[in-house]
Amino acid sequence: MDYDQVRGVDPAVADALAGERERQENTLAMIASENHVSEAVMQAQSSELTNKYAEGYPGERYYAGCERADEVEELAVERAKELWGADHVNVQPHAGTQANMAVYLAMLDPGDKILSLELEHGGHLSHGHPANFTGQTYEVEQYEVDPETGYIDYEGLYDRAERFDPDIVVSGYSAYPREVDFERVQAAAEAADAYHLADIAHITGLVAAGVHTSPVGVADFVTGSTHKTIRAGRGGIIMCDEEYADDIDASVFPGAQGGPLMHNVAGKAVGFEEALSPGFEEYARRVVDNAEALGSRLQSHGFSLVSGGTDTHLVLIDLRESHPDTSGTVAEEALEEVGIVLNKNTVPGETRSPFNPSGIRAGTPALTTRGFDEAACERVADVIYRVVDNPDDEAIKAEAASEVEALCAEFPLYDREGRITDVE
Ligand code: DSN
């Protein structure tokens, strides 16, 4: 794609877009929440639906001319129901945080109580952080992972739920590498007679493919974003039982949002159709296998992984033991220099700060989309080791950059026609 239409109007933006395409092609996207969507999803997202206002829901819109918007939204909803087995689905949230916001608005009053995982232990801003509206509107207490094992401390969560008496318990995390036991979170919520919100933003694709247990039918509300492991482009989603359907829909619109981003709803519909194809389960399985291979190889180089490994799409590396003088920021910057793009991350028991934390988080969804196998992920682990071990050594970084270049050439993001290669 050369962005010729954009270039005719705005060469500066065309250059930036072309540069971003090139960056994605020639670097390894290992931010665990990122992925590469197909050309089909991108085409849907850049369709004429960007022009259409469609406040309301299919068959009950506030504006005329919504028949095509209705078709697209109905397809997205039906496919989501099939993928996750939910009774009711709302595909209009602009992103995962807006999906969570709609659930809180529907079910809580200001001052009500949220019990959620500590951000430093793998939680998310929209689960009650003081800098987020949730922390400012609700009373929040947080549970933690077990400092010894790195796994969710389910007993501690249960005790805290009994003591704190929350109105809602939140599960689902941003930097937690282990399978979540949604039944145990549900037991804690029931002990407090609280709702249970499972935010599966990171693992939507793994749950849809059945390689991670599902909270649908366990938690009262399941939220997520649609651009991560499910690979359906930017957006959010809410799933719930029929009994909450009207409250949730009213909370999304008119409660929290105006017109839905119908072009993104179209992207969701197309991405969900792709995820319903037989190849998607294999993709999701390979994401996890690749993360395991990456993690094991990192451990063989002496790195310490939070929880000792992974069951999911990500590993969380705690640098404090292996590289006490190297912060996550230093590691992130050195790796970016050689073409490995991941993020610094806090770790449980963080001793630095969120801006200069002690860990890095690395995910395999995007690498797997471009065809990486376990052996290739082991090669990536070797590069990560060499660079983090020698963040100031220019010769080692030059060698590492060549290896990244070779990997990008071996597993190209685009085929000869310029189409994304490995999306089924
Ligand atoms: N920013 C996302 C992540 O990286 O986990 C979550 O919203």
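FYI, side chains are in, hydrogens and waters are out, and symmetry mates aren't considered; it's all heavy atoms of this structure. When a ligand or atom number is given, it counts from 1 through the structure's own listing order.
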Proximity to ligand 1 by part of R361, non-hydrogen separation under 4.0 Å: side chain
Atom 5 (O) of ligand 1: nearest protein contact (heavy atom, Å): H202 NE2, 2.7 Å
Closest non-hydrogen protein atom to atom 7 (O) of ligand 1, residue and atom name please, with distance? H124 NE2, 2.9 Å
Which residue supplies the protein heavy atom nearest to atom 3 (C) of ligand 1, what is that atom called, and how far is it? S33 OG, 3.3 Å
Nearest atoms (heavy-atom pairs only) where V216 meets A86: CG1-CA, 3.8 Å
Check whether any side-chain N or O of D112 sits under 3.5 Å from a backbone N or O of D109 as a donor-acceptor pair, and report yes or no. yes
Might you work through the salt bridge (Lys or Arg N to Asp or Glu O under 4.0 Å) test for D373 and R286, ending with a clear yes or no? CA-CA 7 Å; D373 55 14; R286 280 173 48 206; over 6 Å; no
Partner of E179 by side chain to side chain donor-acceptor pair (under 3.5 Å), out of T312, T310, T213: T213
